[in-house]
Amino acid sequence: MKRAALKEARTALGLTQIKAAESLGVHVEHIRSLEYGRVNPSLKLMFKICNFYKNSPEKLFPDLNK
């Protein structure tokens, strides 16, 4: 399941996956995998991402709420 809201939050800030990865301190492949829903973030990273994009976990990671 792709996480469209996660990608939209990134693009709304005008960030590439590379720039988002640099800002969050992770590898660009991890950003890609998170956006495509191939991996789940650690709790710490999830809140870091939510803080960075100023959005809720429920919005950015809807598949984890089930």
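- With contacts defined as side-chain heavy-atom distances shorter than 4.5 Å, the pair Phe61/Asn40 does not qualify.
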Exercise. Apply side chain to side chain contact (heavy atoms under 4.5 Å, CB included) to the pair Arg3 and Leu60, showing each step before the final yes or no.
Key: CA-CA 7 Å; Arg3 295 179 176 130; Leu60 297 179; over 6 Å; no
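- Under the rule for a side chain to side chain contact (heavy atoms under 4.5 Å, CB included), the partners of Lys59 that lie at least two apart in sequence or sit in another chain are Ala5, Asn55, Ser56.
- For the pair Leu45/Leu34, a side-chain contact is recorded, criterion being any heavy-atom separation below 4.5 Å from C-beta on.
- For the pair Phe52 and Leu15, the minimum side-chain heavy-atom distance is below 4.5 Å.
- Pairs engaging residues 47-57 under the salt bridge (Lys or Arg N to Asp or Glu O under 4.0 Å) rule: none recorded [sequence neighbours left out].
- A heavy-atom distance below 4.5 Å is not found between the side chains of Leu64 and Pro57.
- Each of Leu6 and Val28 belongs to its own hydrophobic cluster when Ile, Leu, Val, Met, Phe, Trp and Tyr are linked at side-chain heavy-atom distances under 4.5 angstrom.
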Show me the donor-acceptor pairs, under 3.5 Å and distance only, between side chains in residues 17-26 and residues at least two apart or in other chains.
residue : atom : partner : partner atom : Å
Gln17   : OE1  : Arg32   : NE           : 2.9
Gln17   : NE2  : Glu35   : OE1          : 2.9
Ser23   : OG   : Lys19   : O            : 3.0

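- Although no hydrogens or angles enter the test, the distance criterion places no donor-acceptor pair under 3.5 Å between the side chain of Thr11 and the main chain of Gly14.
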